Amino acid sequence: MSDPRPTPEISVMVPLYNEEGNVVPLLDRIGEVMSRIGRPYEVVMVDDGSTDRTAELLKKAVGERPNLRVVFFRRNSGQTSALAAAIEFARGDILIPLDGDLQNDPGDIPLLLEKLSGGCDVVSGWRKNRKDPFLTRILPSKIANGLISLISGVKLHDYGCTLKAYRREVLKPILLVGEMHRFIPILASWQGAQVTEVVVNHRPRVSGKSKYGLMRTFKVVMDLMTIKFMGSFLTKPIYAFGGTGAILFVLSFLLALFTLWEKIFQGVWVHKNPILLVAIFFALAGMQLVMMGLLGELLIRIYFTSSHTTPYVVREVLESSCAASPVSV
Ligand code: UDP
Ligand code: MG
């Protein structure tokens, strides 16, 4: 039997972990905003192994409300995994993630859609007037955001805002692990997507409590290092390691020459000259780095041949109209 409902164009995706006080008001609010917009939509909620009544409330809601899809996790796997699952199960072409604690305002969705229809691929929310504790959340987040902009070269104010809008295509090649969901605009931009941001509302949490503290900033910085490395060097690790190794070799050679010069012209014996030790250290470290680069080269060959990942993204394939032979991608 075919499904009489239209395929949703927009999927609103929500990760939920112990949000019993927020599930129903959030569903109400999303329903209200989406029916005002009037385009076919669905809501994909992911219960990330909640231990309170969240799952029970979601089960009940599925029986009562239209356009709702819920994915239940067996155990808590984190917000990024919940979003990855939501993406997997969403059917819309436009994907809109938002937090399940009502801190993001579904009322901002029309604004995001408007930006998206203006030709962007990713619209990121900016919680300009953020309602969270200053010392443990806003300050570390400001520092992290500055660092991320600097290192990634993508200029956004607020990577951590869950409320964003994506065209589905830009998410296809992105692997979501760790705290990676906040880097989607960067990864997408590196692959040629048009990324922009809009100021969105932010509200204090009224029910339940935040699942995060300062530790997250540390994880974010580690993930930032990973994406920077992957983005710049995934295809050529020997450039990263070999380059640094080569610099150390040159330094080592110059320092060794210097110790020789000191011996000949100043009479300083090498066993009394610590610079020689520095030269030896640089040579060893340089050699190790070059070796690591070569190992990296070996690993990426295994990576690209064993998975279906390609190191490039095809935007389109053009065919001549006389179609001599079919082209498959
Ligand atoms: N969340 C989740 N799994 C987790 C932690 C959080 O699905 O392990 C959800 C949570 O229910 C909320 C969203 O992720 O909908 C953001 O979490 P939170 O409000 O705690 O983060 P904050 O707003 O404090 O940054
Ligand atoms: Mg929150």
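Just follow the structure's listing: the first ligand is 1, and inside any ligand the first atom is 1. Everything numeric in this text was worked out from a predicted model, so none of it was measured.
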Seminar exercise, completed: side-chain hydrogen bond (donor to acceptor under 3.5 Å, both in side chains) filter on E32, not counting sequence neighbours, yields R29
Geometry only, no angles: is [X] polar-contacting ligand 1 at N/O separations under 3.5 Å?
{"X": "Y212", "result": "no"}
{"X": "D132", "result": "no"}
{"X": "R130", "result": "no"}
{"X": "N76", "result": "yes"}
{"X": "A82", "result": "no"}

Exercise. Restricting to N, O or S atoms of D101, which is nearest to the Mg ion (ligand 2)?
Worked result: OD2
Exercise. Among D48, T80, T54, whose heavy atom sits nearest atom 3 (N) of ligand 1?
Worked result: D48
Distance under 4.0 Å to a non-hydrogen atom of [X]: what atoms of ligand 1 satisfy this?
{"X": "G100", "answer": "12 (C), 15 (O)"}
{"X": "R137", "answer": "22 (P), 24 (O), 25 (O)"}
{"X": "R216", "answer": "25 (O)"}
{"X": "R205", "answer": "18 (P), 19 (O), 20 (O)"}

Exercise. Do K164 and L98 touch side chain to side chain, with heavy atoms closer than 4.5 Å?
Worked result: no
For this session: Hey, can you tell me if F183 and Y159 have their rings parallel, tilted or perpendicular (30° and 60° cut-offs)?
Result: tilted
Proximity to ligand 1 by part of [X], non-hydrogen separation under 4.0 Å:
{"X": "E19", "result": "side chain"}
{"X": "M45", "result": "neither"}
{"X": "L16", "result": "backbone"}

Problem set entry | Heavy-atom nearest neighbour in the protein, as seen from atom 1 (N) of ligand 1, with distance rounded to 0.1 Å | Y17 CB, 3.8 Å
Exercise. Under 3.5 Å, is there a donor-acceptor pair between the side chain of E20 and the main chain of R53?
Worked result: yes
For this session: Answer yes or no for K59 and F72: cation-pi contact, defined as NZ/CZ to six-membered ring centre under 6.0 Å and angle to ring axis within 45°.
Result: yes
